[in-house]
**Student:** 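One structure coming up, written as structure tokens, with questions to follow.
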Amino acid sequence: MAPSKCFLGAACQQLLFQDKNNINGKQKGTSRIQQRDRAGKVLTKPLSIIYQQSWLTREVPVDWKLANMMPIHKKGWKEDPGNYRPVSLASVPGKVMQQIILSDIIRHVQDNQVIRPSQHRFLKGRTCSTDLISFYDKVTHLVDEGKAVDVVYLDFSKAFDTVSHSVLLEKLAAHALDGHLH
């Protein structure tokens, strides 16, 4: 089921106006804020129409699929191409639509408890730090009870650089996230 035009318009407006007083971490002058406000007001309605049509037809405008790829150094020697990850610099309207869809996916995941409470780094307030604190608490509790604890560390740092689209679509469909978001 597609979101209502009202939802898309409100979501579009919210994303266009978010953090308008703090652009790139710096306070901007009043004229810049006013320009952004005017642009947001003018763009909200046409963008929400394009988003609605895109949602209904399940087609993304061709220009939104185009992006500049930029290699970003992760770690290690800069001479080693394996130490870079590709970052896609996509269009702003496409990014706004991604945020609208992301907020709907997050709402679905939370409402249907798709992500277990033991998982971290996927939801607000569930960071790598909270994961480490939780892990430390469990291990110390087991040690205090005199139980043996074995730990295996795996490095998945490069595992998510590329994702098979077919596998991703199967996983999304398994969790009712196959394009029929509410």
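Positions are given from 1 along the sequence.
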**Student:** What pairs with Pro71 under side-chain contact (heavy atoms from CB on, under 4.5 Å), at least two apart in sequence or on another chain?
**Tutor:**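 Once residues adjacent in sequence are excluded, the partners of Pro71 under the side-chain contact (heavy atoms from CB on, under 4.5 Å) criterion are Tyr84.
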
**Student:** Any side-chain to backbone donor/acceptor pair from Ser103 onto Ile100? Under 3.5 Å, distance only.
**Tutor:**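 Confirmed, Ser103 side chain pairs with Ile100 backbone.
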
**Student:** Would you mind listing the cluster partners of Ile72? Hydrophobic ones only (ILVMFWY), side-chain contacts under 4.5 Å, chaining allowed.
**Tutor:** Met70, Val87, Leu89

**Student:** Check side-chain hydrogen bond (donor to acceptor under 3.5 Å, both in side chains) between Thr127 and all other residues, then give those that pass, not counting sequence neighbours.
**Tutor:**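 Per chain and number, Thr127 pairs via side-chain hydrogen bond (donor to acceptor under 3.5 Å, both in side chains) with no residue.
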
**Student:** Given Arg107, which partner from the list Ile105, Val109, Asp111 fulfils the side chain to side chain contact (heavy atoms under 4.5 Å, CB included) test?
**Tutor:**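 Among Ile105, Val109, Asp111, the one that satisfies the side chain to side chain contact (heavy atoms under 4.5 Å, CB included) with Arg107 is Asp111.
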
**Student:** Sequence neighbours excluded, which residues qualify as side-chain contact (heavy atoms from CB on, under 4.5 Å) partners of Gln110?
**Tutor:**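 Per chain and number, Gln110 pairs via side-chain contact (heavy atoms from CB on, under 4.5 Å) with Ile106, Leu123.
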
**Student:** Taking only residues two or more places apart in sequence or in another chain, which ones pass side-chain contact (heavy atoms from CB on, under 4.5 Å) with Val151?
**Tutor:**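 Only Phe135, Val149, Tyr153 meet the side-chain contact (heavy atoms from CB on, under 4.5 Å) criterion with Val151.
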
**Student:** Give a yes or no answer on whether the side chain of Thr140 reaches the backbone of Tyr136 with a donor-acceptor pair at less than 3.5 Å.
**Tutor:**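 Judged by distance alone, yes, a pair lies under 3.5 Å.
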
**Student:** Sequence neighbours excluded, which residues qualify as ring-ring contact (aromatic ring centres under 6.0 Å, His included) partners of His141?
**Tutor:**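 With sequence neighbours excluded, His141 shows a ring-ring contact (aromatic ring centres under 6.0 Å, His included) to no residue whatsoever.
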
**Student:** So, does Asp137 use its side chain to make a donor-acceptor pair with the main chain of Ile133 at under 3.5 Å?
**Tutor:**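 It does not hold such a pair.
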
**Student:** According to salt bridge (Lys or Arg N to Asp or Glu O under 4.0 Å), who are the partners of Lys147, at least two apart in sequence or on a separate chain?
**Tutor:** Glu145

**Student:** Check side-chain hydrogen bond (donor to acceptor under 3.5 Å, both in side chains) between Glu79 and all other residues, then give those that pass, not counting sequence neighbours.
**Tutor:**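 By the side-chain hydrogen bond (donor to acceptor under 3.5 Å, both in side chains) rule, Glu79 matches no residue at all.
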
